[in-house]
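Data first, discussion second: the structure below is written as structure tokens.
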Amino acid sequence: DMSSASGLAMDGRNVYVTDEKGAVHALDRYSGSSIWKQDKLYMRDVTGPAIRRGLVVVADGEGMVHFLSREDGAFSSRLATGGSPIQMAPRELESNFLVQNQKGELIAIEVQ
């Protein structure tokens, strides 16, 4: 059981969801069983996830964008966007992600 108000993302294998405490989960798409859980973002007002190029991307209330491995949930990298909270899930573009902070600034992040 888990509760989420921030949304989810899905690929061919898994469903990715951020729970109400800020943990990001990967669940098997067909059985619902847990694949991994990243709980190091506890109580940071984490957004719902987006997926691209083997990464699960979430942002938080401290203005950070976190890139997690799709395979095991380990942190791949992080990007500071200026400290203003990001409250909506990153949006996927062709080769980028787009985030908007509370100030209304749009930030495009290229993933290589």
4.5 Å side-chain heavy-atom contact, L68 and V57: no
With hydrophobic residues grouped by side-chain heavy-atom distances under 4.5 Å, do I86 and L55 end up in a single group? yes
Side chains of Q100 and E105 in contact at under 4.5 Å (non-hydrogen atoms): no
Within-4.5 Å side-chain heavy-atom neighbours: V111 and N96: no
Quick check with a 6.0 Å cut-off and a 45 degree axis cone: is R44 positioned over the face of Y42's six-membered ring? no
4.5 Å side-chain heavy-atom contact, F67 and R78: no
Please determine whether side chain to side chain contact (heavy atoms under 4.5 Å, CB included) holds for the pair D60 and D45, giving the CA-CA distance in whole Å, both sets of side-chain angles, and the decisive distance to 0.1 Å. CA-CA 5 Å; D60 68 28; D45 196 24; 5.8 Å; no
What I'd like to find out is whether the side chain of V58 reaches to under 4.5 Å of the side chain of V46, using heavy atoms alone. yes
Minimum heavy-atom distance P90-T47, with the two atoms named: CD-OG1, 3.5 Å
Which donor-acceptor pairs under 3.5 Å do side chains of residues 34-41 form with protein atoms, sequence neighbours excluded?
unit_1, atom_1, unit_2, atom_2, d
W36, NE1, R70, O, 3.0
Q38, OE1, K40, N, 3.0
Q38, NE2, G73, O, 2.8

One should read off an interatomic distance between E20 CD and S3 OG, to the nearest 0.5 angstrom, of 4.5 Å
Quickly, which of I107, L93, I109 forms a side-chain contact (heavy atoms from CB on, under 4.5 Å) with L98? Name it, please. L93
Heavy-atom pair of closest approach, residues P49 and V17: CG-N, 4.2 Å
Membership question, hydrophobic clusters at under 4.5 Å side-chain separation (ILVMFWY): are M10 and V56 in the same one? no
Side chains of T81 and M64 in contact at under 4.5 Å (non-hydrogen atoms): no
Between L8 and Y16, is there a side-chain heavy-atom distance shorter than 4.5 Å? no
From S76 OG over to H66 NE2, what is the distance, rounded to the nearest 0.5 angstrom? 12.5 Å
dist S4:OG -> H25:NE2 (nearest 0.5 Å) comes out at 8.5 Å
With side chains defined as the heavy atoms from C-beta onward, is the minimum distance between V65 and F97 less than 4.5 Å? no
Between E71 and R13, does any NZ, NE, NH1 or NH2 come within less than 4.0 Å of an OD or OE carboxylate oxygen? yes
